[in-house]
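Single-structure report; data block below.
The figures that follow rest on heavy atoms only: side chains count, while hydrogens, waters and symmetry mates do not. Each chain gets a letter, A, B and so on, in the order its sequence line appears, and its residues count up from 1.
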Amino acid sequence: MTSQQHLRTFLEPFLSTSTANALLTTAQAKQLHCQLLRRHGHLPVPAVLLSWKLLIRSYTSHDLFSVSLSCFVQMRRFVEHFNHFVFPSVVKSCAWWMDVGLGECVHGCVVKVGLEGDLYVGNALLSMYSKFGVLCGGGARQSNNASVGMDAELGLRRHVAHVVREKSGAISPSAEEGGRSDESNASLGLNSYEVGRSGKERKIVRSIGTSWFMKRERGNVVGNSVRKIFDVMPARDLVSWNTVIAGNVQSGMYDEALVMVRKMGLENIRPDAFTLSSMLPMCAEYADVVKAKEVHGYAVRHGIHDNVVIGSSLIDVYAKCTRIQDFFSVFNGLPRRDGITWNSMIAACVQNGLSNEGFEFFRCMVKDNLKPGPLSFSSIIPACSHLTSLIFGKQLHGYIVRTGLRDNVFIASSLVDMYAKCGKIEIAKSIFSNMKQHDLVSWTAIIMGCALHGQALDALKLFNEMEVSGVRPSYVSFIAILTACSHSGLVEEARKYYDRMIQEFGITPGVEHYAAMADLLGRAGRLEEAYDFICKMPAEPPGSLWSALLNACRIHKNVELAEKVSDRILAVDPENIGAYIIMSNIYSGARQYKEAATMRVSLRKRGFTKKPACSWIEVRNKLYSFFSGDKSHQSYEKISKALKVLYAQMEKIGYKPDTNEVFQDIEEEQKKELLLNHSERLAIGFGIISTPPGTTIRVIKNIRICMDCHTAIKYMCSIVAREIVIRDNSRFHHFKNGACSCGDYW
DNA sequence: CTAGGGTTAG
């Protein structure tokens, strides 16, 4: 038999078609692997070479990177000279393990065999060192000494541990073959694994390192390696360019990436789908619509706009640029969708406030027989927070626990936020404390949760713990802690944090920080101070900032300052409806009914009408909404009757309606009537008559609850012996035993 | 041998 025939006979069972680019299934590979080891000495060299190559490539393409690597090691025990086609796969496996030491060994081997000029091998090495660059700190490019200087032996041991884990998980060759697992392990040569025999290859890399690309000072190891390999490559193709560009993007070196794209054009190499899909995330990060449109246009002109990867990236960029129309049309134009496309779409909707659409896409994804992954969950849960839909949130939480995803930091953080926003601060806290690792976002989420629930002391404690644990507070963390102080009137604490933010952390305060401070000072009655504080803002303060102060003027009945403030609001934002309404209310509160009327008239002239306040409540998984004074509600009669009985009892124990906050020039009796029909009372009334005793009643109100309602609810809950949780647009109020968690701090 | 998506924001 000739060696060609021999080769055919041996490989026949494993290959259905041509041998050139074929890949084996995992099972086939395992079989071939065992036979190869058994009959190695009896096979002709070409058959052996082809088999090893086939095995290594197949293992790699099935993500069995460790098996692929140990295969390489085994091969080197038997074969002196080998085909260069094995290297790309081997290098890819090293990259996947982020094993720098191992990668260097293999690189040394490449050099020793004299294959460093090969295009494919070179591209694979480029890609590998790019990935290591991300490991070494990306843009900062700090050296990760543990990995860079890692001993080959250490890499080896770590590797073997990985192999064992990989084997016990995804694949089980012994089970598929019905063989014994011991033998299978032995046949895979796991116990005799060694790459850099006597460290020889490593030395080669080291010695060429100084002159070639291995400058390891200042941690520039990887950036330089990639650069150098690229520069000295005898031949470069589109893949080489794409790899380097992607590497730059992933390390946050956007300018370098753009320069490369331009250079590439100068060398007459046309960007393709891979190039574009590396460029789009840059546009996304800078929310640069102009550049995104440019790339999109290029894709259309070159007929690659319906590529799934480009499609997903385009959806993402347009989402980050709040171009809702654009990302919908990209999505609708895609001929094919994969898991990532759906995730991008879910995230795109949720990030742009389209929570219901987000849910719709989530459901479509499941209907499309795609399993939602960790990214799907961390994208959709914020939609529950936004809709305050505890029921959806709980369902998702259950699913997450069942799929074993609860330890994902992204998901856990979004769950913490969701439970806090849905009024379940205790659950939020317990999820938080059960997290194995806390990062900046999860700390911030729980601090914000405490802030929303008026638990300022817990917020302060957590902020301190965060600092102790070495997490550096960010812009957002300070918004959270200032909000916490603001909701509990901790003026001095807030000032302390505000100053620390600027001096210690070098964070420039933004509108949100000013707003929190202004709100705090205003509520504490230090109106002039708040006014001065806002005036100190370097840029022209936006209307929203003044609105907080205007609201404080209303609470503290300071007409004079209110006029000053509203003038400033209308100067920057003449369309600010809220300002007219609050002003009108402030005037009527001061019995200046003429001025109040003027305000309302100018509102009407502009064609604005006041939207009635709305509250909603979830009962038995259904959402009910109530408008103030809406007598047409299906249950209005029943609710009204129940509330009347309740009010009678409340008055007996001391409730007196306080009509001060009814800002209309009408009779006292009418004022009382209006108060009694506030939307949250209707909602609570509905909650009382439609849920069993002992149930907590949760109501969301879209505007701030007034003082009289606050007082009334305290009486209510003490009579019906229920817990009542209300969220108005800034915070949660927990009513229990006739008291409120906010301590009546306004 | 090269590519895309996620959490916190009074």
Side-chain angles (χ1 to χ4, degrees), chain A residues 57 60 85 87-89 91-92 95 118-128 130 237-247 249-250 272-281 284 307-317 319 338-348 350-351 373-382 385 408-418 420-421 439-449 451-452 474-480 482-487 510-520 523 544-545 547-548 551 729-731:
Chain A
R57 285 184 48 234
T60 305
F85 280 114
F87 278 111
S89 296
V91 170
K92 190 179 173 182
D118 182 85
L119 178 62
Y120 278 52
V121 177
N123 285 344
L125 286 170
L126 278 182
S127 165
M128 180 184 79
S130 293
D237 67 351
L238 182 56
V239 175
S240 326
W241 284 96
N242 284 342
T243 307
V244 178
I245 291 167
V249 172
Q250 282 152 8
D272 69 345
F274 283 84
T275 328
L276 300 193
S277 53
S278 294
M279 293 177 69
L280 285 168
N307 171 310
V308 239
V309 179
I310 297 205
S312 313
S313 305
L314 280 172
I315 292 171
D316 183 51
V317 206
D338 66 2
I340 298 186
T341 323
W342 288 110
N343 285 347
S344 305
M345 209 50 199
I346 294 168
V350 175
Q351 285 162 1
L375 281 91
S376 322
F377 289 110
S378 48
S379 305
I380 195 65
I381 294 167
S385 320
N408 178 307
V409 266
F410 290 86
I411 294 179
S413 307
S414 63
L415 281 173
V416 166
D417 177 64
M418 186 272 292
K421 294 247 171 69
D439 67 351
L440 173 66
V441 176
S442 51
W443 282 109
T444 308
I446 192 67
I447 293 170
M448 195 65 213
L452 278 175
S474 69
Y475 187 93
V476 187
S477 317
F478 280 103
I479 296 175
L482 291 178
T483 304
C485 296
S486 154
H487 285 175
V511 219
E512 297 95 332
H513 303 106
Y514 275 96
M517 289 300 287
D519 188 55
L520 170 62
R523 281 194 221 203
S544 59
L545 232 175
S547 300
N551 197 42
N729 56 357
S730 66
R731 53 181 165 167

task = Starting from P on B:dT2, measure out to CG on A:Leu119 and report it in whole angstrom.
result = 12 Å
task = Scan A:Ala515 against the nucleic acid and name what it touches under 4.0 Å (heavy atoms): base, sugar-phosphate only, or nothing.
result = nothing
task = Output the single nucleotide from B:dT7, B:dT8, B:dG4 whose closest atom is nearest the side chain of A:Ser414.
result = B:dT7
Nearest-Å distance for atom pair CG/C1', residues A:Leu314 and B:dA3 = 13 Å
ask   = B:dA9, B:dT7, B:dA3: which one has an atom nearest the side-chain heavy atoms of A:Ala273?
value = B:dA3
query = Using a cut-off of 4.0 Å on non-hydrogen atoms, how would the nucleic acid contact of A:Ser127 be classed: base, sugar-phosphate, or nothing?
reply = sugar-phosphate
query = A:Asn242 side chain: which of B:dG6, B:dT2, B:dA3 is closest?
reply = B:dT2
inquiry  = Starting the side chain at C-beta, find the nucleotide from B:dT8, B:dC1, B:dA9 nearest to A:Ile479.
reply    = B:dA9
key: Partners passing side-chain contact (heavy atoms from CB on, under 4.5 Å) against A:Ala420 (at least two apart in sequence or in another chain)   = A:Ile425, A:Ala428
task = Report yes if a donor N or O on one partner sits less than 3.5 Å from an acceptor N or O on the other, where the partners are the side chain of A:Thr243 and the base of B:dT2; otherwise report no.
result = no
task = Check every strand shown and say whether A:Asp519 touches a base, only sugar-phosphate, or nothing at a heavy-atom separation below 4.0 Å.
result = nothing
inquiry  = Side chain of A:Ser277 only, heavy atoms from C-beta on: which candidate in B:dA3, B:dG6, B:dT8 is closest?
reply    = B:dA3
ask   = Side-chain donor or acceptor of A:Ser312 under 3.5 Å from a matching atom on the base of B:dG4?
value = yes
request  = Measure from the side chain of A:Ser89, starting at C-beta and using heavy atoms only, and say which of B:dT8, B:dT7, B:dC1 lies closest.
outcome  = B:dC1
ask   = Between B:dA9 atom C1' and A:Leu440 atom CG, what is the distance in whole Å?
value = 12 Å
request  = Among the candidates B:dA3, B:dA9, B:dG6, find the nucleotide nearest to the side-chain atoms of A:Phe274.
outcome  = B:dA3
inquiry  = According to a cutoff of under 5.5 Å between the ring centres and under 30° between the ring planes, does A:Phe410 stack with the base of B:dT7?
reply    = no
query = Would you call A:Lys421 and A:Leu452 a side-chain contact if the rule is heavy atoms closer than 4.5 Å?
reply = yes
query = Contact class for A:Val409 vs. all strands (heavy atom < 4.0 Å): base, sugar-phosphate, or nothing?
reply = base
request  = Begin with the C-alpha distance, continue with both residues' side-chain angles, and end with the deciding distance and a verdict on side chain to side chain donor-acceptor pair (under 3.5 Å) for A:Ser474 and A:Ser477.
outcome  = CA-CA 5 Å; A:Ser474 69; A:Ser477 317; 3.2 Å; yes
task = Measure distances between side-chain N and O atoms of A:Asn307 and base N and O atoms of B:dG4, and say whether any donor-acceptor pair falls under 3.5 Å.
result = no
inquiry  = Given B:dA3, B:dG6, B:dT8, identify the nucleotide with an atom nearest to the side chain of A:Pro374.
reply    = B:dG6
message = Please give me the minimum heavy-atom distance between A:Ser414 and A:Ser378, naming the atom from each residue.
response = OG-CA, 4.2 Å
A:Ser278 (side chain) and B:dA3 (base): donor-acceptor pair under 3.5 Å = no
query = Any side-chain donor paired with an acceptor under 3.5 Å for A:Ser240 and A:Asp237?
reply = yes
message = Once you apply a heavy-atom cut-off of 4.0 Å, does A:Asp272 come out as touching a base, just sugar-phosphate, or nothing?
response = nothing
remark   = Among the nucleotides B:dT8, B:dT2, B:dT7, whichever has the atom closest to the side chain of A:Ser378 is B:dT7
Integer-rounded Å distance: B:dT7 P and A:Ile346 CD1 = 12 Å
key: Closest listed nucleotide, where the reference is the side chain of A:Val308 and the choices are B:dG4, B:dT7, B:dA9   = B:dG4
Length of the line joining A:Ile446:CD1 and B:dT7:P, which is rounded to integer Å = 18 Å
Separation of B:dA9 P from A:Gln351 CD (nearest whole Å) = 13 Å
request  = Identify the heavy atoms of A:Asp338 and A:Val308 that sit nearest to each other, and give their distance.
outcome  = N-CG1, 4.0 Å
task = Quickly work out the A:Lys92 NZ to B:dT2 C1' distance and round it to whole Å.
result = 10 Å
request  = Check the distance between B:dT7's P and A:Asp417's CG and give it to me in whole angstrom.
outcome  = 11 Å
inquiry  = Regarding B:dG4, can its base be found pairing with the side chain of A:Ser313 as donor and acceptor, where the two atoms are less than 3.5 Å apart?
reply    = no
N/O (side chain, A:Lys421) to phosphate O (OP1/OP2, B:dA9) under 4.0 Å = yes
note = A:Phe377 meets the ring pair (Phe, Tyr, Trp, His ring centres under 6.0 Å) criterion, sequence neighbours left out, with A:Phe362, A:Tyr399
